[in-house]
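Count residues from 1 along the sequence.
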Amino acid sequence: MADFDYGLRKIRDLESGDVKEPETAHQISQDSWLQIAFILTTGINSAYVLGYSGTVMVPLGWVGGSVGLVLAAALSLYANVLLAKIHELGGKRHIRYRDLAGHIYGKNAYALTWAFQYINLFMINTGYIILAGQALKAMYVLFRDDHVMKLPYFIVIAGFVCALFAFGVPHLSALKIWLGFSNFLSIIYIVIAFILALNDGKKASPRDYNIPGSTATKIFSCIGGFANLFFSFNTGMLPEIQATVKQPVVCNMVKALVFQFTIGLVPMYAITLMGYWAYGNGTSAYLLNNVSGPVWVKAVANISAFLQSVIALHIFASPMYEYLDTKFGPTKGGAFSLSHISFRVLVRGGYLTINTLVSALLPFLGDFMSLTGAFSTFPLTFILANHMYLMAKKHKLSMPQKSWHWLNITFFSVVSVAAGVSAVRLILTDSKTYNIFADL
């Protein structure tokens, strides 16, 4: 612990005292490291966590999944700390991922990074709307399994609620108390799912933990599960989150990341391992569909997952909101003036309408998210992070250190390509099974 405190003091001492801050319509440098830690924890323990037993453990098995959870967390923490350390570079504070890439590489890299990030966050947001719709449908089925209401209908309802929330919360720093609600909601559905799965596991006959499918299917599923591991730990928008933290920004961001990858991981690990233990390779991509128990308890879990998805989506939509508000938004009046609210209703409403349409059209979006994760999450979080740090610190790094970063760049480039091929195969396979606007 003493070494860690010393490291934080060194980071604080190295931070520039006179750093230029860019123009933005949103608030920056306002939040404590603990609020940032809650933002990160909200993302990692969002309703997506209810799917990791099925999307990570089933294709990887006990050994691969358990070892992978620890290894992916360690590598993700390392890559995110690298990125956090170059937040202030060249006398400027880079509050957007694309700004940092543009500063290091130039104009073309700025545009390419923005494209990667936009696709990544758009797909994450679309996934949250699907998750929220699934939670609503699961609650509906508990009381009326008459198939009158289809999944696309619930996705539309979820998209509308997400839009209402976006109208009322102007920027990322304004979440504040909502982050407390978000983490409380996460605890509700994780604890309920954990207890119900534990009871089911105690009563169940021996489960099958073998990785299902033919040899080829096992290989591609394993690659996909490995990609999902890293997708679960990373946001693809660390500079945008770091922009809201108070000075010293690097020191505070590192503390928030350590919180995320220690205390913040406990609920995720617990529900992921418990779900797989209880149901084996029959675990679904939405764990609450597996559990049995009192109807009202499962209803509480589902409504909690729905509400938490609404809040979590706002975090991952904030880079797009910041871009639109800064470039096109009104410059006069407060955040809740009529002009600002009208602008949010028009622009954010339009953005989320597109998200909702895609969600309803392709509710089996997990395969597409694996594809975008392969070609955006890996490049943003691992390949670019290591290479940008290498470029920024190249005169201060020893040859072994440079070799280590190049090893990371090469390894994750190969993984990115392999995960992309696996995702394309899954899309081609599932396209033969599902139709658009499917009621899954």
Side-chain angles (χ1 to χ4, degrees), residues 47-76 127 131 134 138 190 193-233 265-293 364-371 373-374 378 411 414-434 438 440:
Y48 274 108
V49 80
L50 295 171
Y52 296 152
S53 296
T55 60
V56 171
M57 296 301 295
V58 169
L60 295 178
W62 271 122
V63 176
S66 302
V67 173
L69 283 170
V70 176
L71 182 62
L75 291 172
S76 298
L131 280 170
Q134 286 178 331
I190 288 175
F194 184 93
I195 293 174
L196 295 181
L198 177 62
N199 288 334
D200 287 347
K202 288 179 178 178
K203 301 173 186 175
S205 56
R207 276 77 71 194
D208 184 1
Y209 297 111
N210 293 315
I211 299 174
S214 63
T215 301
T217 300
K218 289 179 181 179
I219 293 172
F220 283 107
S221 296
C222 183
I223 294 171
F226 188 66
N228 288 336
L229 264 175
F230 288 95
F231 178 83
S232 65
F233 290 115
L265 286 185
V266 173
M268 175 197 174
Y269 279 178
I271 193 59
T272 300
L273 296 175
M274 176 56 68
Y276 186 59
W277 172 80
Y279 308 107
N281 60 20
T283 311
S284 73
Y286 184 65
L287 188 60
L288 291 178
N289 286 335
N290 280 105
V291 299
S292 58
F364 49 96
L365 200 66
D367 298 346
F368 291 90
M369 293 188 70
S370 296
L371 182 64
F378 278 110
F411 172 74
V414 172
V415 171
S416 178
V417 173
V421 172
S422 174
V424 169
R425 181 180 182 274
L426 285 172
I427 289 171
L428 294 175
T429 300
D430 285 347
S431 65
K432 300 174 183 177
T433 306
Y434 297 115
L440 304 180

Chemist: Can you tell me how far CG of Leu198 sits from NZ of Lys203, rounded to the nearest 0.5 angstrom?
Modeler: 10.5 Å
Chemist: What heavy-atom pair brings Ala419 and Phe378 nearest, and what distance separates the two atoms?
Modeler: CB-CE1, 4.4 Å
Chemist: Could you give the distance from OG (Ser292) to CG (Asn199), rounded to the nearest 0.5 Å?
Modeler: 8.0 Å
Chemist: Determine whether Ile271 and Leu287 make a side-chain contact, defined as any pair of heavy atoms from C-beta on separated by less than 4.5 Å.
Modeler: yes
Chemist: Under 3.5 Å, is there a donor-acceptor pair between the side chain of Arg207 and the main chain of Gly201?
Modeler: yes
Chemist: Measure across Asn289 and Ala138 and return the closest heavy-atom pair with its distance rounded to 0.1 Å.
Modeler: OD1-CB, 4.0 Å
Chemist: Is the backbone of Ser284 close enough, under 3.5 Å, to the side chain of Asn290 for a donor and an acceptor to pair up by distance?
Modeler: yes
Chemist: Check ring-ring contact (aromatic ring centres under 6.0 Å, His included) between Phe233 and all other residues, then give those that pass, not counting sequence neighbours.
Modeler: none
Chemist: Quick one: side-chain hydrogen bond (donor to acceptor under 3.5 Å, both in side chains) pairs with a partner in residues 212-226, sequence neighbours left out?
Modeler: Ser214-Thr217
Chemist: Got a list of side-chain donor-acceptor pairs under 3.5 Å for residues 63-76, not counting sequence neighbours?
Modeler:
from	atom 1	to	atom 2	distance (Å)
Ser66	OG	Trp62	O	2.7
Ser76	OG	Ala72	O	2.7
Ser76	OG	Asn234	ND2	3.1

Chemist: For Ser53, does its backbone N or O pair with a side-chain atom of Thr272 as donor and acceptor, under 3.5 Å?
Modeler: no
Chemist: Quick one, Trp277 and Met57 - any side-chain contact, counting heavy atoms below 4.5 Å?
Modeler: no
Chemist: Could you tell me if the side chain of Tyr52 sits less than 4.5 Å from the side chain of Asn228, heavy atoms only?
Modeler: no
Chemist: Counting N and O atoms only, with roles assigned by atom type, does the side chain of Tyr276 sit under 3.5 Å from a partner on the main chain of Tyr209, one being a donor and the other an acceptor?
Modeler: yes
Chemist: Would you name the heavy atoms of Thr55 and Ala285 that are closest together and state the gap between them?
Modeler: CG2-CB, 4.3 Å
Chemist: Restricting to non-hydrogen atoms, name the atom on Ala193 and the atom on Leu50 that form the minimum distance, rounded to 0.1 Å.
Modeler: CB-CD2, 4.2 Å
Chemist: Considering non-hydrogen atoms only, spot the tightest contact between Ala197 and Met274 and give its length.
Modeler: CB-CG, 3.9 Å
Chemist: On a heavy-atom basis, which atom in Leu288 and which in Val291 lie closest, and how many Å separate them?
Modeler: O-CG2, 3.6 Å
